[in-house]
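The structure appears below as structure tokens.
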Amino acid sequence: MARWTGTWLTGLASAGVERRPDSWRGRRLGLPPEGRGAVATTGSRVAAFFVDLLAGGLIGGLVNVFVTDPTPLQRTLAGNGAFALEVLLLTALTGQSLGMKLIGIRVVRLSAPSGPPGFLPSAVRLALLLLLLPAVIFDRDGRGLHDKAAGTVVLRATGGASFAELD
């Protein structure tokens with residue numbers, strides 16, 4: 001009798017899916033394996049997200065200072081609204097939110113990778129990012145569902161090893 005644990009404990013290889021040594025995230029998209037223009041690591045994306053959350057919280061707190069006796073709903077809306085506005089405007093206009101700029105990553109459209117994604121793709125990305133679940137489901141190329149829906153990809157904006165190497 002064959003040992004059944006060997007089939008499901010061996011991971012993707014048991015399903016016939018092999019990770020070839022000449023394969024990398026972004027290869028199917030025509031992106032380089034590393035350096036500037038490569039797909040950003042998951043760790044750098046998470047770090048940029050938390051920097052953006054912190055910035056949104058600080059801006060929301062600053063707004064609440066000027067509101068007389070804010071309710072918990074007003075406090076929450078100020079922080080989340082500041083986060084959403086910062087991410088939407090900066091991503092649409094420059095391709096980088098504040099966190100992305102600090103970490104060294106950027107968002108581009110697959111159809112026009114030289115410039116910022118614009119307002120519609122940024123709005124689609126943000127709407128799904130606020131749901132959080134689509135952002136944590138990735139494909140082989142490291143693109144979350146929010147990136148797939150918007151037709152975007154997050155790339156490294158810097159050339160060499162940097163703070164973006166968090167994976």
Side-chain angles (χ1 to χ4, degrees), residues 24-67 70 73-167:
W24 61 86
R25 294 184 331 163
R27 180 173 188 227
R28 294 181 311 152
L29 303 172
L31 300 172
E34 54 189 42
R36 182 180 170 93
V39 174
T41 63
T42 305
S44 62
R45 293 172 65 131
V46 170
F49 176 73
F50 282 117
V51 169
D52 289 332
L53 278 181
L54 179 64
L58 291 174
I59 295 168
L62 183 62
V63 167
N64 284 325
V65 167
F66 296 106
V67 175
L73 178 63
Q74 287 173 326
R75 287 188 191 124
T76 301
L77 287 177
N80 290 342
F83 166 79
L85 194 61
E86 179 248 336
V87 170
L88 176 65
L89 290 177
L90 291 177
T91 303
L93 297 174
T94 67
Q96 294 178 306
S97 64
L98 179 64
M100 289 179 177
K101 181 74 171 173
L102 290 174
I103 301 298
I105 59 178
R106 64 190 169 104
V107 178
V108 297
R109 278 189 319 208
L110 285 175
S111 60
S114 61
F119 281 100
L120 185 60
S122 296
V124 169
R125 276 187 94 251
L126 176 65
L128 293 173
L129 180 64
L130 291 174
L131 295 176
L132 195 61
L133 185 61
V136 296
I137 299 174
F138 289 94
D139 68 0
R140 283 189 277 183
D141 292 314
R143 294 174 63 208
L145 289 180
H146 65 306
D147 281 320
K148 291 180 79 76
T152 59
V153 64
V154 181
L155 304 176
R156 294 180 65 189
T158 57
S162 67
F163 185 62
E165 292 290 329
L166 297 176
D167 266 345

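A heavy-atom distance below 4.5 Å is not found between the side chains of R25 and D139. The shortest side-chain heavy-atom distance between V108 and L155 falls under the 4.5 Å cut-off. Counting only heavy atoms from C-beta outward, the side chains of V124 and H146 never approach each other to under 4.5 Å. Counting heavy atoms from C-beta outward, F50 and I103 have side chains that stay 4.5 Å or more apart. At a threshold of 4.5 Å between non-hydrogen side-chain atoms, the residues L131 and L128 count as touching.
Looking at R45, its side chain does come within 3.5 Å of a backbone N or O of G142 through a donor-acceptor pair. A donor-acceptor pair under 3.5 Å is formed between the side chain of R36 and the backbone N or O of A157. Remark: side-chain polar atoms of D147 are not paired, donor with acceptor, to backbone N or O of R143 under 3.5 angstrom. In this structure, the side chain of W24 engages the main chain of L31 through a donor-acceptor pair within 3.5 Å.
Checked against side-chain hydrogen bond (donor to acceptor under 3.5 Å, both in side chains), D52 has the following partners two or more places apart in sequence or in another chain: S97.
Taken from NZ in K101 to CZ in R106, the straight-line distance is 11.0 Å, to the nearest 0.5 Å. One finds the CG atom of L120 at 9.5 Å from the CZ atom of R109 (value rounded to the nearest 0.5 Å). Annotation: the span from L126 atom CG to L129 atom CG amounts to 6.0 Å, rounded to 0.5 Å.
With respect to the salt-bridge test (charged N to carboxylate O, under 4.0 angstrom), the residues D141 and R28 qualify.
Of all heavy-atom pairs between A38 and P32, the closest is CB-O, 3.4 Å. Contact record, R75 with P70: NH2-O, 3.4 Å, taken as the closest heavy-atom pair. Annotation for A82 and G60: closest pair CB-N, 4.0 Å, computed over non-hydrogen atoms. Closest approach of G26 to V39, counting heavy atoms only: CA-CG2, 3.7 Å. Listed here is the closest heavy atom pair of M100 and A48: N-CB, 3.7 Å. The heavy-atom pair separating G118 from S122 by the smallest distance is O-OG, 2.7 Å.
With a 6.0 Å radius and a threshold of 12 heavy atoms from other residues, nucleotides or ligands, F119 has its CZ atom above the threshold.
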Atom pairs and distances, donor-acceptor, side-chain atoms in residues 83-94, under 3.5 Å, two or more places apart:
unit_1 : atom_1 : unit_2 : atom_2 : d
E86    : OE2    : L98    : N      : 2.8
T91    : OG1    : V87    : O      : 2.7
T94    : OG1    : L90    : O      : 2.6
T94    : OG1    : Q96    : N      : 3.2
T94    : OG1    : Q96    : O      : 3.0

